[in-house]
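Scroll down for the structure; my scribbles are underneath it.
This is a predicted model, so every value here is computed, not measured.
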Amino acid sequence: IQVFLNRLPQQVEALRDAYAQHDWRKIAEVAHMMKGAAGSLGFDAFTQPTKQLEQQARAGDVDGMRASLEQIYRLARR
């Protein structure tokens, strides 16, 4: 759990950078890692938004990604 929490700021920053660079592959990759870790550790609030983000990034759904990223950012600030 501590490792997940320690990595969270870096992962959020990686998502921000990838979105700014229109690197949807990187967003899908980071979202996939976050989804797996969150699900394994019981951080259920992160599981659905990261799953959606991964799917949206693979589909190139920019509006969907923006909404999912905002949700993830809010959760990370908690």
Report summary line: CE (Met34) and CD1 (Ile27) are apart, to the nearest 0.5 Å, by 12.0 Å
Query - Distance (rounded to the nearest 0.5 Å) between Thr47 OG1 and Gln52 CD - result: 11.5 Å
Report task. Decide, yes or no, whether a salt bridge links Arg58 with Glu54 under the criterion of side-chain N to carboxylate O below 4.0 Å. Result -> yes
Query raised in the report: Who pairs with Phe4 by ring pair (Phe, Tyr, Trp, His ring centres under 6.0 Å), at least two apart in sequence or on another chain?
Result: Phe43, Phe46
Query raised in the report: Which pair of non-hydrogen atoms, one from Ile72 and one from Pro49, has the smallest distance, and what is that distance?
Result: CG1-CB, 3.8 Å
Query raised in the report: Above 12 or not: heavy atoms from other molecules or residues under 6.0 Å from CZ of Arg7?
Result: no
Query - Leu15 side chain near Leu53 side chain, heavy-atom distance below 4.5 Å - result: yes
Query raised in the report: Roughly how far, to the nearest 0.5 Å, is the CZ atom of Arg25 from the CG atom of Asp23?
Result: 5.5 Å
Query raised in the report: Taking atom types as modelled, is there a side-chain donor on Asp17 or Gln21 under 3.5 Å from an acceptor on the other?
Result: no
Query raised in the report: So do the side chains of Tyr19 and Lys26 get within less than 4.5 Å of each other, counting heavy atoms only?
Result: no
Query raised in the report: Tracing side-chain links under 4.5 Å among I, L, V, M, F, W and Y, which residues wind up in one group with Val3?
Result: none
Query raised in the report: Got a second to check how far Glu13's CD is from Gln10's CD, nearest 0.5 Å?
Result: 9.0 Å
Query raised in the report: Can you find a heavy atom in the side chain of Gln56 that is under 4.5 Å from one in the side chain of Trp24?
Result: no
Report summary line: Note: Ala57 and Ala28 closest approach over all heavy atoms is CB-N, 3.7 Å
Requested in this report: Enter the distance from Asn6:CG to Ile1:CD1 here, rounded to the nearest 0.5 Å.
Outcome: 12.0 Å
**Report entry** From CZ (Arg78) to CG (Leu8), nearest 0.5 Å
**Finding:** 12.0 Å
Report task. Tell me, please, which residues at least two apart from Lys51 pass salt bridge (charged side-chain N to carboxylate O under 4.0 Å, His left out). Result -> none
